[in-house]
Amino acid sequence: MAELKQITSEAEWEALLQGSKEKPAFLFKHSTTCPVSANAYKEYQEFATDLDKYYLIVSESRPVSNQVAEDLGIKHESPQIFLLDDGKAAWNTSHWNITEKNMKEALEENIK
């Protein structure tokens, strides 16, 4: 199972986005003050996958969070998860839709 890796800089985000052109990865935007985000983060932590799993803490890395929204063209939400593939978001969802079942389906439907 992939360990979670925190990104805290725009350079790390850019490397992650570029790296997704070679290998898909997940990115989770986490709010440490939100109970919905805490639940979603737990689902994300427990989700077993061979893909790399990244997260960012929105309150600590606001510029990175804003850059993610801008680069992907997807309005910021928190919590929010992305399946990155080929330098773009192949799938994303937020809040209570961040479940193991939905992440598994996202992989099956978007990654061949």
Enquirer: State, yes or no, whether a side-chain contact exists between Ile81 and Lys29 at a heavy-atom distance under 4.5 Å.
Expert: no

Enquirer: Taking the side chain as every heavy atom from C-beta outward, state whether Phe82 and Leu72 have any pair of such atoms under 4.5 Å apart.
Expert: yes

Enquirer: Within the structure provided, determine whether Thr32 and Ser59 are in side-chain contact (heavy-atom separation under 4.5 Å).
Expert: yes

Enquirer: Using side chain to side chain contact (heavy atoms under 4.5 Å, CB included) as the criterion, point out the one residue from Asn110, Leu107, Asp85 that pairs with Trp91.
Expert: Asn110

Enquirer: Do Ser65 and His76 have side-chain N/O donor and acceptor atoms under 3.5 Å apart?
Expert: yes

Enquirer: Taking NZ, NE, NH1 and NH2 as the nitrogens, is one of them in Lys104 or Glu100 under 4.0 Å from a carboxylate oxygen of the other?
Expert: no

Enquirer: Measure from NZ or CZ of Lys53 to the centre of the six-membered ring of Phe28 and say whether it is under 6.0 Å with the direction within 45° of the ring axis.
Expert: no

Enquirer: Answer with yes or no whether the side chains of Asp71 and Trp13 bring together a donor and an acceptor at under 3.5 Å.
Expert: yes

Enquirer: Is the ring centre of Tyr41 less than 6.0 Å from the ring centre of Tyr55?
Expert: yes

Enquirer: Looking at residues at least two apart in the chain, or sitting in another chain, which of them share a side-chain contact (heavy atoms from CB on, under 4.5 Å) with Lys75?
Expert: Glu77

Enquirer: In Å, rounded to the nearest 0.5 Å, how long is the span from CD of Glu105 to CG of Leu83?
Expert: 13.0 Å

Enquirer: Looking at Glu22, I want to see if its CD is surrounded by more than 12 non-hydrogen atoms of other residues, nucleotides or ligands under 6.0 Å.
Expert: no

Enquirer: So do the side chains of Lys5 and Asp52 get within less than 4.5 Å of each other, counting heavy atoms only?
Expert: yes

